[in-house]
K.L.:
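Mind having a look at this structure? Questions to follow.
Throughout, a chain's letter reflects where its sequence line sits, starting with A, and its residues are numbered from 1. None of the values given here were measured: they were computed from a predicted structure.
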Number of protein chains: 2
Amino acid sequence: MTVENRMASIHEPRMHQMCGHDPAEAEAFRSILSRIGDKWSLMLVGMLHEGPLRFTELKQMTPGISGRMLTHTLRQLERDGLVEREVFAEIPPRVEYRSTPLGKSLAVPALAIAEWASAHQGEISANRERYDEAAD
Amino acid sequence: MTVENRMASIHEPRMHQMCGHDPAEAEAFRSILSRIGDKWSLMLVGMLHEGPLRFTELKQMTPGISGRMLTHTLRQLERDGLVEREVFAEIPPRVEYRSTPLGKSLAVPALAIAEWASAHQGEISANRERYDEAAD
DNA sequence: CAGGATCCGTGGTGATACTG
DNA sequence: CAGTATCACCACGGATCCTG
């Protein structure tokens, strides 16, 4: 039995039981997955897991993100209760973002995904190249 | 120290080390996350983790998916080497999809995300409602 | 049965300019 | 500094029709 099979058999969740049959629950389920799976949320949750950061710090640590998307994504995370926003009445303004307990609990499986992606990105890139050139 | 903090400190991955600074690596990283985060990939990987399934079976188990998206998503998963496609030369045609070892390894953290979503969807829904009505 | 082809609407994303 | 407002794009995804 492989490591993966042993790990899976511990919880043994059935995907089609989570998302299937009840349309409302399936909708809620997918709305969470799409939040997790959007372009920036997972990265921001992972970064805030290490400690509070302010807007500009997050922007610098996240290569390629625009100010607009950083604001928007943080608002969504705040709406879901994954992130807290604290505004300091100073000049110049200072805003700190920190992970909530709910956000920290998400960071655990999220970082597991990130590790998986990091560990297998070479293999996946090779698979893609092989698939694409096999298409002639 | 919370459970989450202890668990995180075991692997202690730094998100900004995984995705940051090297633009090519960040691109590869996000391309994997977007695959995971799209509308159907995670569900299909989870279903195929339990055993091989044919096209129609997958379609029936995945409420709301169109034939077009099922085909398209399976092609992407096949391209990444997460899923294998076997065509049987029969009439009527029969095609089986099965998870590769790489796909099974992804299913572990993917199902962890799915469990998290399932466990916290009530809390998140409540957070969203509170946030939305606080906006007046 | 398992798709391929085509059309099309929607939403997520980025660029830019502006503000308290 | 930390946003907001506006415009524009195009990839994602659905509906429909056709085929080996």
K.L.:
Taking CD from B/E86 and P from C/dG3, how many angstroms apart are they, rounded to a whole number?
P.N.:
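The distance from CD of B/E86 to P of C/dG3 comes to 13 Å, rounded to the nearest Å.
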K.L.:
A side-chain contact here means heavy atoms from C-beta on lying under 4.5 Å apart; do A/S31 and B/R128 qualify?
P.N.:
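Side chain of A/S31 against side chain of B/R128, heavy atoms only: contact under 4.5 Å found.
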K.L.:
Return no unless some side-chain N or O of B/R85 is found under 4.0 Å from OP1 or OP2 of C/dG3.
P.N.:
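Affirmative; the distance criterion is met.
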K.L.:
Send over the distance from A/E90 CD to D/dG3 P, rounded to a whole Å.
P.N.:
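For the pair A/E90 CD and D/dG3 P, the rounded distance is 14 Å.
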K.L.:
Looking at B/L82, is its backbone amide N or carbonyl O close enough to the side chain of B/T100 to form a donor-acceptor pair, meaning the two atoms are under 3.5 Å apart?
P.N.:
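Yes, B/T100 side chain to B/L82 backbone: donor-acceptor pair under 3.5 Å.
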K.L.:
For residues B/I32 and A/W116, determine if any side-chain heavy atom of one lies less than 4.5 Å from a side-chain heavy atom of the other.
P.N.:
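Touching, per the 4.5 Å side-chain cut-off.
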K.L.:
Expressed in angstrom and rounded to an integer, what is the separation of A/R68 atom CZ from D/dA8 atom C1'?
P.N.:
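My rounded result for the distance is 11 Å.
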K.L.:
Rounded to whole Å, how long is the line connecting atom CH2 of A/W40 with atom C1' of C/dT13?
P.N.:
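After rounding, the reported distance stands at 10 Å.
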K.L.:
Quick one: A/L70 CG to D/dG3 C1', roughly how many Å, whole number?
P.N.:
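The answer, rounded to whole Å, is 10 Å.
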K.L.:
If we check side chain to side chain contact (heavy atoms under 4.5 Å, CB included) with B/L53, which of these qualifies: B/E96, B/R98, B/M61?
P.N.:
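Passing option: B/M61.
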K.L.:
For the pair A/S105 (side chain) and A/L102 (backbone), establish whether a donor and an acceptor sit closer than 3.5 Å, ignoring hydrogens and angles.
P.N.:
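Flag set: sc A/S105 to bb A/L102 pair under 3.5 Å.
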K.L.:
Could you give the CZ-to-P distance, from A/R94 to D/dG3, as a whole number of Å?
P.N.:
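So the two atoms are 13 Å apart, to the nearest Å.
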K.L.:
Given D/dG13, D/dA2, C/dC1, which nucleotide is nearest the side-chain atoms of B/K39?
P.N.:
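From the listed options, D/dG13 comes nearest.
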K.L.:
As a test of reading the structure: which of D/dA2, C/dT13, D/dG14 is closest to the side chain of B/M69, going by heavy atoms?
P.N.:
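In terms of side-chain proximity for B/M69, the closest of D/dA2, C/dT13, D/dG14 is D/dG14.
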K.L.:
Quick one, A/V87 and A/P93 - any side-chain contact, counting heavy atoms below 4.5 Å?
P.N.:
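A/V87 vs A/P93: side chains apart.
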K.L.:
Can you tell me how far C1' of C/dC1 sits from CZ of B/R54, to the nearest Å?
P.N.:
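Interatomic distance, CZ of B/R54 to C1' of C/dC1: 7 Å.
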K.L.:
Between the protein and nucleotides 18-20 of chain D, which nitrogen or oxygen pairs come in under 3.5 angstrom?
P.N.:
none

K.L.:
Side chain of B/Y97: nearest nucleotide among D/dG14, C/dC1, C/dG3?
P.N.:
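Selected nucleotide (nearest to the side chain): C/dG3.
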K.L.:
Could you tell me whether a side-chain N or O of B/T73 sits under 3.5 Å from a main-chain N or O of B/S41, the two making a donor and an acceptor?
P.N.:
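No, the answer is negative, given that no donor and acceptor are paired below the 3.5 Å cut-off.
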K.L.:
Would you mind classifying the nucleic acid contact of B/K59 as base, sugar-phosphate or nothing, using non-hydrogen atoms under 4.0 angstrom?
P.N.:
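Since no nucleic acid heavy atom lies under 4.0 Å of B/K59, the category is nothing.
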K.L.:
Which whole-number value in Å describes the distance from A/H72 NE2 to D/dT6 C1'?
P.N.:
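Result: 15 Å.
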K.L.:
Select one nucleotide: of D/dG13, D/dT4, D/dA2, the one nearest the side-chain heavy atoms of A/R75.
P.N.:
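Per side-chain heavy atoms of A/R75, the pick is D/dT4.
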